[in-house]
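What follows is a short report on a single structure.
Being a predicted model, the structure only gives us computed values, none of them experimental.
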Amino acid sequence: MSRGGKRASGGSGDPAGRRVGNPAVRLLAARSLRTHRKAWAAVFAAVAVTSALLGGLALALGSAGLGHARVERYAAAPVVVAGDQEVSWTATPWGSEPRTETAGLTERVRIPAAAVDVLRAVPGVREAVPDDTFVVREGGADSAPGTGTRAYPGRSWDAARLAPYRLTDGREPRGAGETVAGAGLGAAVGDTVAGREVVGVADGPAALYVTAGEARRLAGHPGSVDAVGVLAEPGVPVDTLHARVRAALDDAGIRDTAAGQPLRALTGDGRGGAEHLGAPPARAELLQLLAAVSGTLVLVAVLVLASLVAQALQQRAAERELLLSVGATPRQVRAAAGREVSRVAGAAALLGALLSVPAFLMLWSALRARTGVVPEGLELPTPPWLFAAVLVVAALVVGITRLVVLLAARRPGRPGKGGVRRVAGLVLLVLGVGSAATATVQGGAAAAAAGAATVTLVAGCALLGPWIARAAMTVLDRPFRWFGGAPGRLTAAGAGAHSRRLGAALVPVVLVTSFALVQLSAGATMERAAAAQARAATTADLAFTGTTAERVRRLPGVETATDVLRSSVVLARTEAGTPRLDRLPVLGVDAEGLAGTLDPGVVAGDLSGLARAGTVAVGADTAESLELKPGSAVELRLGDGTPKRLKVIAVYERSLALGEFLLPKAELAPHMSDPYPARVLASGTHEASPVAPEAVTTPGAELNGIVSGGIVAAIGGLTVLSVLSTLALIGAGRRGELALLRQVGASAGQLRRMLGLEAGFLTATGLLVGLVVGALPLTAFAWALTGGLPYLPPAQAGAIAGVVLVTVVAGVFLPAARRGLTR
């Protein structure tokens with residue numbers, strides 16, 4: 001083939017020669033594709049599934065990247081002035097430029113009321129309307145606790161103009177006992193809600209609107225407001241108004257009331273961040289989690305495709321040798337293989353691109369179905385042009401597959417040097433062990449990080465597969481020969497002659513075992529440890545909601561009670577000079593009410609010190625990492641960004657259940673948007689709801705569970721497909737071998753027993769190696785975060801083993817059964 005090209009062009013290096021050689025490449029590719037279409041079917045299925053999963057994640061990342069908080073209450077205000085709901089931390093990594101990290105705040109950052117007068121004086125401003133949001137609760141201070149107290153969002157009636165919400169019935173409120181009800185509340189004029197007479201009904205969501213004076217009283221923070229909506233004079237463009245507002249704020253030098261940061265002037269979709277405080281942090285967590293999962297999926301996909309393509313090409317070694325012997329050049333053989341895979345992968349990737357759309361919609365539907373996982377105010381748009389991303393992903397998957405072919409067919413018919421392969425495998429194992437430690441510092445994405453480390457270890461095992469298979473068979477060789485009869489001797493002989501084939505079969509089994517083990521065990525380990533700590537920490541006899549400890553203490557039979565406030569703090573730290581901001585859950589408690597209600601498991605210090613302002617108790621893991629002890633000082637940003645330097649008075653061990661910090665309620669409450677207790681714990685004999693142990697959980701943790709669960713199922717399906725496809729390819733390639741064994745006298749029963757021994761060997765070895773591979777990152781992850789060993793429910797462990805066994809048996813027996821070789 002190449003000789004004809006040379007004669008036509010005068011040399012193989014001439015471009016004309018390459019043009020003449022193209023018809024030969026096309027002919028080789030077309031003929032080979034028809035001949036080996038069953039072998040390429042496995043690659044087609046893997047590429048289609050990979051493209052569907054990556055396309056769905058690409059759509060999710062794009063939607064989250066475009067996400068923003070929904071604009072509702074401030075829709076009529078072109079500019080909204082509010083506090084900065086982010087904190088930043090700058091540090092200089094070793095040998096690098098300074099880096100800045102940011103973290104969202106979950107509590108309201110308020111601004112001085114003086115900003116209202118400054119804004120009203122700005123040219124082009126028709127009106128500057130202060131806005132405060134608060135909660136109006138059903139029942140007064142003397143109502144019985146735990147009697148179904150209802151809470152309603154409240155605002156001043158003046159602020160309703162910022163939406164705008166207009167009256168549909170009745171009139172505006174004029175006294176402290178009057179209110180306008182939002183239509184979503186379902187109340188009518190003349191009704192009584194939360195002790196107030198409904199004098200009007202307005203369009204819009206469920207809310208209660210009161211007079212401006214009553215709103216200031218109920219908000220409980222005189223001298224400051226939540227935000228200011230700026231209404232423009234007719235004809236004033238938004239850009240012009242924004243520039244004037246920004247200049248006025250800078251000239252006045254007004255700062256927020258928390259950290260003293262400059263105020264923000266928000267326009268467009270940015271206004272939604274002043275309404276829905278939880279939306280921007282949730283969006284950032286979602287992006288981080290999807291990015292981590294996408295990275296793991298790419299690694300898994302590359303490993304799966306590499307294994308399948310390499311096996312498909314390996315079975316054609318004799319054919320490639322024949323082509324080389326009759327004049328084809330290595331370049332032509334590689335080009336033909338590349339052309340084949342481009343056609344197969346191209347069609348498969350397009351099919352996967354179509355399937356990625358319903359996969360994405362299912363993921364988003366699962367997130368929306370769980371209340372509180374994705375904040376109600378978070379908009380995740382999917383404009384039509386975003387769906388073009390699936391085509392980009394499809395092209396990327398085709399490119400990855402083509403690259404895999406080029407590497408696998410780099411020297412057709414000439415296996416690579418064993419020494420180089422061994423060294424590369426060992427290097428990957430070392431990198432995998434080192435990267436496993438990073439799973440301990442990934443927060444909500446720890447399971448995904450552990451999964452990425454697992455894939456690196458599996459990649460090392462893939463390169464070392466023949467040696468692993470040979471070592472395993474060395475152990476089992478004599479038992480097979482002694483106790484397995486003729487089938488056992490055939491199995492041992494075949495394994496010794498085809499260790500590379502056996503190693504290729506082991507790789508996907510190890511992958512599916514280790515990946516499923518890490519992803520399932522990581523979540524189960526954390527949940528089990530948190531639940532155990534919650535049971536030990538909750539010593540209260542009684543639990544109340546919708547009330548306060550002050551009211552509960554007045555009940556007969558109650559001996560002690562504590563409010564439990566839930567918020568978050570931001571902890572700034574550096575790792576090797578790199579800045580890091582962690583948003584951590586915290587509890588606010590009454591020190592005098594802890595006895596008999598909460599037992600954090602103090603290992604140093606005394607919780608009675610929480611009765612003093614400026615104090616904090618710290619979880620043992622955080623105390624160890626920050627080198628804190630009783631008497632030390634720690635700097636935190638409270639939920640609204642206020643910096644606090646607090647004295648450590650105790651260190652406790654049950655931080656998975658209670659959060660990393662315990663603060664005095666009086667210290668935490670002023671920095672919360674709604675400083676009302678999440679629940680009240682009490683001890684005594686009064687009849688109340690039985691206490692259910694409750695660990696501190698965050699929407700981020702639930703989000704991680706849902707996304708990780710869906711992705712584990714999807715990637716698990718891909719790896720199971722990889723096991724089945726690889727074994728089917730190997731089985732198809734050894735049909736001649738099995739037919740020859742039949743011809744020389746082996747019975748169908750002997751072949752079945754031989755294949756059964758091979759399936760048992762692959763299952764046992766794959767599960768064992770997968771267990772070892774998965775145990776490395778899992779142990780580091782579990783020991784660092786829970787102080788114990790990893791845990792996997794027996795039912796899930798049995799499911800992993802069962803799926804592996806069924807898949808291996810099917811992959812080993814089906815190719816032979818289709819040819820009737822085992823009948």
Side-chain angles (χ1 to χ4, degrees), residues 103 106 439-444 446 522 525-539 562 564-575 580-591 594-595 597-612 614-639 644-665 667-668 671 678 681 693-698 700-701 704 780-789:
T106 56
T440 64
V441 295
Q442 294 297 312
T525 299
M526 292 294 292
E527 291 176 4
R528 185 171 185 251
Q533 289 191 12
R535 288 192 297 270
T538 306
T539 59
T562 179
V564 178
L565 277 63
R566 290 180 181 160
S567 185
S568 64
V569 297
V570 176
L571 174 65
R573 65 174 85 182
T574 58
E575 293 179 348
R580 174 179 163 189
L581 286 175
D582 295 328
R583 190 171 61 250
L584 303 170
V586 298
L587 295 183
V589 295
D590 295 316
L594 289 179
T597 58
L598 277 180
D599 179 13
V602 175
V603 294
D606 187 353
L607 289 178
S608 63
L610 288 178
R612 300 188 301 273
T615 57
V616 64
V618 185
D621 292 338
T622 299
E624 181 180 0
S625 65
L626 298 178
E627 299 181 352
L628 298 175
K629 60 183 179 180
S632 301
V634 61
E635 294 189 7
L636 300 174
R637 294 290 187 101
L638 300 185
K644 285 284 186 177
R645 185 174 179 85
L646 303 172
K647 181 181 179 181
V648 177
I649 51 87
V651 176
Y652 57 93
E653 60 182 358
R654 293 171 183 149
S655 57
L656 287 178
L658 303 179
E660 295 299 332
F661 299 96
L662 291 178
L663 277 74
K665 181 188 73 171
E667 190 79 56
L668 192 63
H671 306 280
L681 297 179
E694 187 176 285
V696 175
T697 58
T698 63
N704 180 42
F781 164 79
W783 188 262
L785 296 186
T786 70
L789 296 176

| request: Identify, with sequence neighbours excluded, every residue that meets side chain to side chain donor-acceptor pair (under 3.5 Å) alongside Lys644. | output: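 For Lys644, the residues satisfying side chain to side chain donor-acceptor pair (under 3.5 Å) (neighbours in sequence not counted) are Glu667.
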| side chain to side chain donor-acceptor pair (under 3.5 Å) against Ser568, all qualifying residues, sequence neighbours excluded | Thr106
Could you give the distance from [atom1] ([X]) to [atom2] ([Y]), rounded to the nearest 0.5 Å?
| X | Y | atom1 | atom2 | answer |
| --- | --- | --- | --- | --- |
| Leu636 | Asp582 | CG | CG | 11.0 Å |
| Thr615 | Leu610 | OG1 | CG | 4.5 Å |
| Leu646 | Glu635 | CG | CD | 9.5 Å |
| Trp783 | Leu789 | CH2 | CG | 6.5 Å |
| Thr574 | Leu581 | OG1 | CG | 11.0 Å |

| task | For the pair Val618 and Leu662, evaluate side chain to side chain contact (heavy atoms under 4.5 Å, CB included) and give the outcome as yes or no after the intermediate values. | result | CA-CA 7 Å; Val618 185; Leu662 291 178; over 6 Å; no
Grab the two heavy atoms, one from [X] and one from [Y], that are nearest each other, plus how far apart they are.
| X | Y | value |
| --- | --- | --- |
| Tyr652 | Phe661 | OH-N, 3.1 Å |
| Ala657 | Ala534 | CB-N, 3.4 Å |
| Glu660 | Ser655 | OE2-OG, 3.6 Å |

Who are the side-chain contact (heavy atoms from CB on, under 4.5 Å) partners of [X], not counting sequence neighbours?
| X | result |
| --- | --- |
| Ala529 | Leu656, Thr786 |
| Leu626 | Leu571, Arg573, Thr622, Leu628, Val634 |
| Ala620 | Val651 |

Would you mind writing out the side-chain donor-acceptor pairs for residues 597-609 within the sub-3.5 Å range, not counting sequence neighbours?
| from | atom 1 | to | atom 2 | distance (Å) |
| --- | --- | --- | --- | --- |
| Thr597 | OG1 | Gly593 | O | 2.6 |
| Thr597 | OG1 | Leu594 | O | 3.0 |
| Asp599 | OD1 | Gly601 | N | 3.2 |
| Asp599 | OD2 | Arg654 | NH1 | 3.2 |
| Asp606 | OD1 | Ser608 | N | 3.1 |
| Asp606 | OD1 | Ser608 | OG | 3.3 |
| Asp606 | OD2 | Ser608 | OG | 3.0 |

Show which side-chain atoms of residues 584-591 pair as donor or acceptor with protein atoms under 3.5 Å away, not counting sequence neighbours.
| from | atom 1 | to | atom 2 | distance (Å) |
| --- | --- | --- | --- | --- |
| Asp590 | OD2 | Arg553 | NH2 | 3.4 |
| Asp590 | OD2 | Asp563 | N | 3.1 |

| field | salt bridge (Lys or Arg N to Asp or Glu O under 4.0 Å) partners for Arg583, two or more places apart | value |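 With sequence neighbours excluded, Arg583 shows a salt bridge (Lys or Arg N to Asp or Glu O under 4.0 Å) to Glu285, given in chain and number order.
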| Taking only residues two or more places apart in sequence, or in another chain, which ones meet Glu624 in a salt bridge (Lys or Arg N to Asp or Glu O under 4.0 Å)? |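 Glu624 satisfies salt bridge (Lys or Arg N to Asp or Glu O under 4.0 Å) with no residue once adjacent residues are dropped.
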| query | Could you go step by step and tell me if Val616 and Ile649 meet the side chain to side chain contact (heavy atoms under 4.5 Å, CB included) rule? | reply | CA-CA 6 Å; Val616 64; Ile649 51 87; over 6 Å; no
